[in-house]
Amino acid sequence: QVQLVESGGGLVQAGGSLRLSCAASVRTFSNYAMGWFRQAPEKEREFVATISSGGSTDYADSVEGRFTISRDNAKNTAYLQMNSLKAEDTAVYYCAANREGWGYRSLDKYDYWGQGTQVAVSS
């Protein structure tokens with residue numbers, strides 16, 4: 001089994017930055033694609049960003065140019081750098097892993113999920 005633990009969430013003013021981390025307990029981390037999703041209150045969980053095992057990235061239009069997903073395979077960790085934060089970015093952010101190694105946008109393509117970390121942006 002794979003366990004994912006998110007960290008780095010918190011409170012920030014609009015225009016500020018946060019860096020989320022996702023630590024994975026897996027032997028072959030480099031073979032997994034990693035994704036970030038978010039869920040605002042009373043909203044459906046939505047795609048934010050993904051990075052494939054080969055390093056290809058994809059972003060939701062709402063965060064393109066502001067967020068950057070990356071990974072450090074030596075540390076078994078994925079990151080989400082969030083800049084120019086807006087109030088509408090407020091949500092619980094979840095890390096997910098896909099064992100095929102492909103960076104899908106669909107939630108149901110991910111095999112493992114973290115418990116989430118809260119991000120709150122004041123306007």
Side-chain angles (χ1 to χ4, degrees):
Q1 63 177 345
V2 175
Q3 293 185 348
L4 307 175
V5 180
E6 303 96 334
S7 62
L11 303 174
V12 64
Q13 293 183 1
S17 298
L18 283 175
R19 189 192 195 197
L20 306 183
S21 298
C22 174
S25 61
V26 58
R27 184 174 181 271
T28 55
F29 175 78
S30 63
N31 292 335
Y32 288 76
M34 302 298 296
W36 287 97
F37 298 80
R38 67 187 183 186
Q39 187 167 20
E42 301 188 2
K43 300 290 186 180
E44 296 294 318
R45 193 170 300 185
E46 66 176 6
F47 167 76
V48 175
T50 187
I51 183 167
S52 72
S53 62
S56 298
T57 60
D58 191 24
Y59 299 91
D61 289 344
S62 59
V63 306
E64 181 74 51
R66 299 188 297 120
F67 292 10
T68 302
I69 187 171
S70 62
R71 64 192 300 157
D72 187 338
N73 291 335
K75 296 181 179 179
N76 279 20
T77 302
Y79 304 95
L80 185 68
Q81 178 66 47
M82 304 185 295
N83 299 326
S84 302
L85 283 162
K86 305 174 181 179
E88 50 262 46
D89 295 319
T90 296
V92 176
Y93 283 71
Y94 297 89
C95 176
N98 169 270
R99 62 192 176 199
E100 294 178 303
W102 300 107
Y104 298 103
R105 289 183 169 221
S106 299
L107 280 69
D108 60 4
K109 294 295 185 179
Y110 290 83
D111 304 290
Y112 308 100
W113 291 83
Q115 294 184 340
T117 185
Q118 177 71 58
V119 172
V121 184
S122 61
S123 60

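Basis for what follows: all heavy atoms, side chains included, without hydrogens, waters or symmetry-related copies.
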*Asks:* Name all pairs fulfilling the ring-ring contact (aromatic ring centres under 6.0 Å, His included) condition that reach into residues 39-73, sequence neighbours left out, sorted by first residue then second.
*Replies:*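 Checked against ring-ring contact (aromatic ring centres under 6.0 Å, His included) - neighbours excluded - the pairs reaching residues 39-73 are Phe37-Phe47.
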*Asks:* Could you give the distance from CG (Leu11) to CD (Gln118), rounded to the nearest 0.5 Å?
*Replies:*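 Spacing of CG (Leu11) from CD (Gln118) equals 8.5 Å.
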*Asks:* Quick one: does any side-chain atom of Tyr110 pair with a main-chain N or O of Tyr104 as donor and acceptor, under 3.5 Å?
*Replies:*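 Such a contact is found between Tyr110 side chain and Tyr104 backbone.
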*Asks:* Within a radius of less than 6.0 Å around CZ of Arg105, do more than 12 heavy atoms belonging to other residues, nucleotides or ligands occur?
*Replies:*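 Yes, because the 6.0 Å sphere around CZ of Arg105 holds more than 12 heavy atoms from other groups.
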*Asks:* Would you check if the side chain of Glu6 reaches a backbone N or O of Gly116 as a donor-acceptor pair within less than 3.5 Å?
*Replies:*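 Yes, Glu6 side chain to Gly116 backbone: donor-acceptor pair under 3.5 Å.
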*Asks:* Side-chain polar contacts of residues 81-88 - donor-acceptor pairs under 3.5 angstrom, sequence neighbours left out - could you list them?
*Replies:*
unit_1	atom_1	unit_2	atom_2	d
Gln81	NE2	Asn83	OD1	3.0
Asn83	OD1	Ser17	OG	2.9

*Asks:* Between Ser30 and Asn73, what is the shortest heavy-atom contact and its length?
*Replies:*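 Nearest pair, atom of Ser30 first, then Asn73: CB-ND2, 3.5 Å.
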*Asks:* For Arg19, check salt bridge (Lys or Arg N to Asp or Glu O under 4.0 Å) against everything at least two apart and list the hits.
*Replies:*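 For Arg19, no residue satisfies salt bridge (Lys or Arg N to Asp or Glu O under 4.0 Å) once neighbours in sequence are set aside.
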*Asks:* Taking atom CG as the centre, does Asp61 end up with more than 12 heavy-atom neighbours from other residues, nucleotides or ligands that are less than 6.0 angstrom away?
*Replies:*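 At most 12 heavy atoms, drawn from other residues, nucleotides or ligands, come within 6.0 Å of this atom.
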*Asks:* Minimum heavy-atom separation for Met34 and Thr50, please, with both atom names.
*Replies:*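 Heavy atoms of Met34 and Thr50 come nearest at O-OG1, 2.9 Å.
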*Asks:* Is it possible for you to say whether Trp36 and Leu4 belong to one hydrophobic cluster, with membership spreading through side-chain heavy-atom contacts below 4.5 Å?
*Replies:*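 Yes.
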*Asks:* Could you report the tightest heavy-atom contact between Leu18 and Gly8, atom names first, then the distance?
*Replies:*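 In this case the closest contact between Leu18 and Gly8 is CD2-O, 3.9 Å.
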*Asks:* Return the set of residues passing ring pair (Phe, Tyr, Trp, His ring centres under 6.0 Å) with Tyr94 (not counting sequence neighbours), or none when no residue passes.
*Replies:*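 Listed in chain order: nothing, the list is empty.
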*Asks:* Under 3.5 Å, is there a donor-acceptor pair between the side chain of Ser52 and the main chain of Trp102?
*Replies:*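 Absent.
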*Asks:* So, the side chain of Gln115 versus the backbone of Val5: is there a donor-acceptor pair under 3.5 Å, distance only?
*Replies:*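 Side chain of Gln115 to backbone of Val5, a donor-acceptor pair under 3.5 Å: no, none is there.
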*Asks:* Do Lys75 and Ser21 come close enough that some side-chain heavy atom pair is under 4.5 Å?
*Replies:*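 No - every pair of side-chain heavy atoms lies 4.5 Å or more apart.
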*Asks:* Work out which heavy atom in Arg38 is nearest to a heavy atom in Val63; give both atom names and the distance.
*Replies:*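 Smallest interatomic distance, heavy atoms only, reads NH1-CG1, 3.9 Å.
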*Asks:* Pairs in or reaching into residues 29-73: which pass disulfide bond (SG atoms under 2.5 Å apart), with residues at least two apart or in two chains?
*Replies:*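 Of all non-adjacent pairs touching residues 29-73, none passes disulfide bond (SG atoms under 2.5 Å apart).
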*Asks:* Determine whether Val92 and Val121 fall in the same hydrophobic cluster, where Ile, Leu, Val, Met, Phe, Trp and Tyr are linked whenever their side-chain heavy atoms lie under 4.5 Å apart.
*Replies:*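 No: no chain of side-chain contacts under 4.5 Å links Val92 to Val121.
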*Asks:* What residues, two or more places apart in sequence or in another chain, satisfy side-chain contact (heavy atoms from CB on, under 4.5 Å) together with Val26?
*Replies:*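 Val2, Ala24, Thr28, Phe29, Tyr32, Asn76.
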*Asks:* What's the separation between atom CG in Asp111 and atom CG in Asn98, rounded to the nearest 0.5 Å?
*Replies:*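 Reported to 0.5 Å precision, the distance equals 5.5 Å.
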*Asks:* Can any side-chain N or O of Ser53 pair as donor or acceptor with the backbone N or O of Ala33 at less than 3.5 Å?
*Replies:*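 Between the backbone of Ala33 and the side chain of Ser53 there is no qualifying donor-acceptor contact (under 3.5 Å).
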*Asks:* Is there a side-chain contact between Val119 and Leu20, using heavy atoms and a 4.5 Å cut-off?
*Replies:*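 The answer is yes; the side chains approach within 4.5 Å.
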*Asks:* What about Ile51 and Tyr93, same hydrophobic cluster or not, with Ile/Leu/Val/Met/Phe/Trp/Tyr joined at side-chain heavy-atom distances under 4.5 Å?
*Replies:*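 Cluster IDs for Ile51 and Tyr93 match.
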